Asker: 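First the structure, which I've put down as structure tokens, then a few questions once you've had a look.
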There are 2 protein chains.
Amino acid sequence: MKRTRPLKRKPKRTEPKHREPEAVDPRSIDDDPVVQGILTAISQKRLKPGAKLGEDKLAAAFGTTRIHIRQALSHLASRKVVMQIPNRGAFVYRPSWEEAQDIFAARRIIETAAVSAAVDRLDKAGKAELKAHMEREARHDRNDRWASLSLTAEFHILVAKLAGNRVLLEMSRELMLRTSLAIATFEQPGEPDCSPDAHPDIGALILARDKAGAVHAMRHHIEEMEQRIRPKEGEDEVDELTAIFKEIGARARAGG
Amino acid sequence: MKRTRPLKRKPKRTEPKHREPEAVDPRSIDDDPVVQGILTAISQKRLKPGAKLGEDKLAAAFGTTRIHIRQALSHLASRKVVMQIPNRGAFVYRPSWEEAQDIFAARRIIETAAVSAAVDRLDKAGKAELKAHMEREARHDRNDRWASLSLTAEFHILVAKLAGNRVLLEMSRELMLRTSLAIATFEQPGEPDCSPDAHPDIGALILARDKAGAVHAMRHHIEEMEQRIRPKEGEDEVDELTAIFKEIGARARAGG
DNA sequence: GTTGGCTATATTGTAAACAGTCGTGCGGCC
DNA sequence: GGCCGCACGACTGTTTACAATATAGCCAAC
């Protein structure tokens, strides 16, 4: 629209006073449906590590624009859930064997601490929430693999929530996702992610305020998960190949 | 360039075979100079919490385009180092008082575990690295505030590195940054971030393989830092105001 | 003097077109 | 028959311009 009267303002403009951004809507990109969709697809193992995430296809699937998809993928790449390769695109992240072990080690540290804090802080509301979850997990349909995986993850998230530390909760969420990727990459076929009876035991120990017992059970549970994964044979071949080339290079340098 | 001969290919194209993205240059956005610049500016407290990060100004400062800046800011927002508000722009993140406490609690958990692992895994190379850092920290110029802050952070990062867990190392890096923001937000003026003698003590205990002592010293060191910060008075006013409005609203609902 | 509305500007967000890069498959060549 | 070069196509990355929104200052009204 054109202005309807002559401009009288002088262009002299004082530097805008820095106004603090207090009390603003804190809705973040984590609530974005694209991000949420990809995250749940990964945690339910519908997207396997290494899967290509083409921008056009995602845009069509979610009914949005490529720019939006790019933002979501960048965010997921920052959280190491997808891997972006220049000029090739985005792929579901595939952790290395060492990284998978590090993830489990980090979970051992953080989740045992979370259990300990959860026992300390347990109150009525927490008890109710924990009981409600345990009931849902007890009588869910074990044939529905996707629901099982969601519930399994939710138990660990709930424990982190009961610890009352939001930073720890974020970290647990991130580690849960990366655990899904680690398991999907290195699992032996046919084995479940979590032993089915571990969660009720841990929950009961928390409800009984048995701190040492709950911590021990959680550590054992995570170690059990960790022992289910094995390094891939395929990667050894690659390493062998590079070793061969390295050896050849060294010989060439040495022998002329 | 135009093609110089007639096109004979049929447009029929088999779906491209999914090629795994192995062994690709893993250079990530963390190496981006814009990201690095903002991160070091924050960790050295040249950028204060709440500072506006205008896209045009950053683009001019770094000599790059606005899109590049946008990507960097999105990444930093994913890591909770900057806060992005729709249609208002990006600001240096300002943690709440509760979040600041949670950050210190998380550091207590993660860094004590890191010290423990560092003692277990300590080898010749690690000893040398630790000694080298302690020497640098001992004879640095205490008047150079920026160098001091960098060295202080590097000590904690080095301990995490010695623990040999990359996931834990990433988390420590993130927590260090968020600690900088928490301290910058809630510090009492004039006090240093770290007590100057804590690092040599912890380092010596690690070198002596005194695991319990080193863990205890690290926990004490972090608790000491935590006790240096105090909630801001200004925020209480805001809370009081919102409390008043809440009370008024409740009374209106109750009394009609 | 203070308050409310209005307009212009600055700044962010979005869309579309363009350019660059990489995988892929064919054709020729040894 | 196997290998190498070449060109095409699909995709990502970047530039550009445009649209939307919030901010700041001014004028009028009370």
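Naming: A, B, ... by sequence-line order, numbering from 1 per chain. All values below come from the heavy atoms of this structure, side chains included, with hydrogens, waters and symmetry mates left out. These numbers come from a predicted model, not from an experiment.
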Asker: Mind calculating the distance between NE2 (His68(B)) and P (dG13(D)) to the nearest angstrom?
Answerer: 13 Å
Asker: What is the distance, rounded to the nearest whole Å, between atom CD1 of Ile85(B) and atom P of dG13(C)?
Answerer: 10 Å
Asker: If only side-chain N and O atoms of Arg88(B) are considered, is one of them under 4.0 Å from the OP1 or OP2 phosphate oxygen of dT21(D)?
Answerer: no
Asker: Ignoring the backbone of Arg66(B), work out which of dG13(C), dA15(C), dT12(D) is nearest its side chain.
Answerer: dG13(C)
Asker: Have Tyr93(A) and Glu99(A) got a donor and an acceptor in their side chains that come within less than 3.5 Å?
Answerer: yes
Asker: In terms of the nearest nucleotide of DNA chain C, which residue is placed more toward the 5' end: Gly54(B) or Asn87(A)?
Answerer: Gly54(B)
Asker: Could you check Ile67(A) against Leu53(B) and say which one's nearest nucleotide on DNA chain C is further toward the 5' end?
Answerer: Leu53(B)
Asker: Above 12 or not: heavy atoms from other molecules or residues under 6.0 Å from CZ of Arg79(B)?
Answerer: yes
Asker: Over how many whole Å does the gap from Lys57(B) atom NZ to dT11(C) atom P extend?
Answerer: 6 Å
Asker: Is there a donor in the side chain of Glu111(A) and an acceptor in the side chain of Ser172(A), or the other way round, less than 3.5 Å apart?
Answerer: no
Asker: Using whole Å, what does the distance between atom P of nucleotide dA16(C) and atom CG of Asp56(A) come to?
Answerer: 13 Å
Asker: Counting side-chain heavy atoms from CB outward, which of dT14(D), dT12(D), dT12(C) is closest to Glu55(B)?
Answerer: dT12(C)
Asker: Could you tell me how the ring of His133(B) sits relative to the ring of Phe155(B): parallel (under 30°), tilted (30 to 60°) or perpendicular (over 60°)?
Answerer: tilted
Asker: When you get a sec, tell me which of dA15(C), dT14(D), dG23(C) is the closest nucleotide to the side chain of Arg70(A)?
Answerer: dT14(D)
